[in-house]
Amino acid sequence: MTDTQWPRYEVFKQDLPGQPHKAVGSVHAPDAEMALLNARDVFARRPQVVSMWVAPASAVFSLTAEELAANPEFWQGTAVSPQPYALFAKRSQRRSMTFVEYAGEVVAESAQLAIKQALEDGRFQPETAIVWWAVPLSAISGSDPQDVDSYYAPATAKTYRQQSYYGFVSPTRKSVKREP
Amino acid sequence: MNEDPAKLAAFEARIARGEKIEPGDWMPAEYRRQLIRMISQHAHSEIVGMLPEGTWIPHAPNLRRKMVLMAKVQDEAGHGQYLYHAAETLGITREEMIDALLSGKAKYSSIFNYPTLSWPDVAWIGWLVDGAAIKNQTMLAQCSYGPYSRAMVRICAEETFHYKQGKEMIVQYMTQGTPRQKALVQDGLNRWWWPTLMMFGPHDSDSPNSAVLMRWGIKTKSNDALRQEFINEEVPEVLALGLTIPDPDLRFNAETGNWEIGPIDWDEFWRVVKGNGPMNAERLAARQKAHEDGRWVREAVAAYAKRTPEIGD
């Protein structure tokens, strides 16, 4: 037990107010509070972050388009009891740092039924979704808005972490080609 | 391969269409195996890669260089975490991977089994080692497996700062430095040049995994192609600073537009890969010590977590 790597928490990062929280990866932590701290260290070394959510990976139900096609009745027999779910979707095959992003909330009797609702509701633009995630709201812990300055703002002052901080670095080329 | 031909054909068609394979999607067992092998080795390389540079943090020549180096080493730790998490989506646990590293079973990039003997070695690691890594990682950002690709896009964006800060230092020492500083820079180049070229891996003719990795969109360029791109980009830059590249056979082929190099010492490469490089034992011992020294922190955090019910309980 003392040497365990702890449960995995999925991390969602919001870069600017008004933008959706996006899944960036995961951290290991013994509880949600430590997960938020680890998420800050791993995913917020650079600007811009205004909020983070974490949820135990075990609480995330994931459904890919391939899984949906193979089993269109995936929601059969899953109903338990109604609770609110956050829904997340991946909508593009383009190269990206982030995976699924927040799409809205529904009340459903299971994660599967939450996705079924989204598939039938134009507000969720189901035709563009490649991967769905459903997470019970009760499993999501968010950063405290009061912590934003102390947690995330210091990264914005560390400009030497940015490649743009280093101007002329090439003796033969005018500027080094920017990596994607 | 004993895969279902219909599933395999559908999988390869998805890759041909440029779709990303995501956790939950069907994939051949060999695709999963190769990815776990590559991503975990890559994660270990980031973690061990903190050691050669971290040792210079207390000896940085000024506060600016110290802050930059600390930020860079911290990034490497983060990169290791991104990659462990990407590998975990394939069904291996971080614990298994870390056990493999600490027991000496796992491989990591051989370059980190060379010592950093003077401060300019930190600069050469930034320019050459991170430069070579970026070549490989920029390619892997196109990888067909979603989680690996996303980790690589994030890493490339951060790694470019590592490359630039290293190159900035070399340019500064060679244009404004004292004769002693210039001599240390040349000495560093003499030691880091060949091991950097070995980072791209064996020649294509000796790289048994390459064909299947390219077929499934994990790699999109061969070892030799990437190595040649790197050489062509960096040789003129290094020479422009008045440095000597330690390769008497190095020459520019005007017909092909390539800089051609002499033979790589593959005996040395395999010796280091097999654990007999100058620093293999020390790197492993340092990781084991770090893991043991951190035990009380893990215990304290676990005890704290027990105080309060967990989310989701």
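A, B, ... follow the sequence lines: proteins, then strands. Residue 1 opens every chain.
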**Asked** What are the two closest non-hydrogen atoms of Gly78(B) and Arg45(A), and how far apart are they?
**Response** CA-NH1, 3.6 Å

**Fill in**
Looking only at heavy atoms, the pair that brings Ser141(A) and Leu36(A) closest together is O-CD2, 4.1 Å

**Request:** Tell me, with the steps shown, if Gln165(B) and Arg65(B) meet side chain to side chain donor-acceptor pair (under 3.5 Å).
**Result:** CA-CA 9 Å; Gln165(B) 62 84 35; Arg65(B) 292 290 179 208; 5.0 Å; no

**Request:** Pick one of side chain, backbone, both or neither for Arg8(A), based on which atoms fall under 4.5 Å of a heavy atom in chain B.
**Result:** side chain

**Asked** For the ring pair His44(B) and Tyr84(B), is the centre-to-centre distance below 6.0 Å?
**Response** yes

**Prompt:** Which region of Trp26(B), side chain (C-beta onward) or backbone (N, CA, C, O), has a non-hydrogen atom less than 4.5 Å from a non-hydrogen atom of chain A, or is it both or neither?
**Reply:** both

**Request:** Identify which part of Gln172(B) has an atom lying under 4.5 Å from any heavy atom of chain A, answering side chain, backbone, both or neither.
**Result:** neither

**Prompt:** Which bit of Ile155(B) comes within less than 4.5 Å of chain A, counting heavy atoms only: side chain, backbone, both or neither?
**Reply:** neither

**Request:** Look only at the side chain of Arg32(B) and the backbone of Leu90(B), and say whether a donor-acceptor pair between them is shorter than 3.5 Å.
**Result:** yes

**Over 12 non-hydrogen atoms of neighbours within 6.0 angstrom of CD in Glu127(A)** = yes

**Message:** Can you tell me which portion of Lys90(A) sits under 4.5 Å from chain B's heavy atoms? Options are side chain, backbone, both or neither.
**Reply:** side chain

**Message:** Please give me the minimum heavy-atom distance between Pro236(B) and Glu233(B), naming the atom from each residue.
**Reply:** CD-O, 3.7 Å

**Asked** By a 4.5 Å heavy-atom criterion (distance strictly below it), what part of Arg17(B) contacts chain A: side chain, backbone, both, or neither?
**Response** neither

**Request:** Describe, in one word, how the ring planes of Phe99(A) and Trp133(A) are oriented to each other, choosing from parallel (under 30°), tilted (30 to 60°) and perpendicular (over 60°).
**Result:** perpendicular

**Message:** Under 4.5 Å from any heavy atom of chain B, what part of Val42(A) do you find: side chain, backbone, both or neither?
**Reply:** both

**Prompt:** Which bit of Glu19(B) comes within less than 4.5 Å of chain A, counting heavy atoms only: side chain, backbone, both or neither?
**Reply:** both

**Prompt:** Is there any residue in residues 64-73 of chain A with a non-hydrogen atom under 4.5 Å from a non-hydrogen atom of chain B, and which ones are they?
**Reply:** Thr64(A), Glu66(A), Glu67(A)

**Message:** Please classify the contact of Arg161(A) with chain B as side chain, backbone, both or neither, using a heavy-atom distance under 4.5 Å.
**Reply:** both

**Fill in**
Taking every heavy atom of Trp124(B) against every heavy atom of Leu189(B), the minimum-distance pair comes out as NE1-N, 3.2 Å

**Prompt:** What residues of residues 106-123 of chain A sit under 4.5 Å from chain B when only non-hydrogen atoms are counted?
**Reply:** none

**Item:** Heavy-atom contact with chain B under 4.5 Å, split by part of Ser26(A)
**Value:** both

**Sorted by number, residues from residues 67-77 of chain B in contact with chain A (heavy atoms, under 4.5 Å)** = Met67(B), Val68(B), Ala71(B), Gln74(B), Asp75(B)

**Item:** Aromatic plane relationship, Phe11(B) with Tyr31(B) - under 30° parallel, 30 to 60° tilted, over 60° perpendicular
**Value:** perpendicular

**Asked** Under a 4.5 Å cut-off applied to non-hydrogen side-chain atoms, are Pro61(B) and Lys66(B) in contact?
**Response** no

**Request:** Could you check Phe43(A), Phe88(A), Tyr102(A) and say which one makes a ring pair (Phe, Tyr, Trp, His ring centres under 6.0 Å) with Phe12(A)?
**Result:** Phe88(A)

Please tabulate, one pair per line, all N/O donor-acceptor pairs under 3.5 Å involving side-chain atoms of residues 48-60 of chain A, not counting sequence neighbours.
| from | atom 1 | to | atom 2 | distance (Å) |
| --- | --- | --- | --- | --- |
| Ser51(A) | OG | His21(A) | NE2 | 2.8 |
| Trp53(A) | NE1 | His21(A) | NE2 | 3.2 |

**Message:** Would the distance check show the side chain of Gln162(A) and the main-chain N or O of Thr159(A) forming a donor-acceptor pair, the cut-off being under 3.5 Å?
**Reply:** no

**Complete:** Partner of Thr138(B) under side-chain contact (heavy atoms from CB on, under 4.5 Å), picked from Leu140(B), Ile134(B), Asn136(B), is Ile134(B)

**Prompt:** Below 6.0 angstrom between ring centroids: does that apply to His28(A) and His85(B)?
**Reply:** yes

**Prompt:** What do the steps show when you test Glu234(B) against Trp127(B) for side chain to side chain donor-acceptor pair (under 3.5 Å), and what is the final call?
**Reply:** CA-CA 9 Å; Glu234(B) 302 304 351; Trp127(B) 182 350; 2.8 Å; yes

**Request:** Check Glu158(B) against Arg46(A) and note the closest heavy-atom contact, atom names and distance.
**Result:** CD-NH1, 3.2 Å

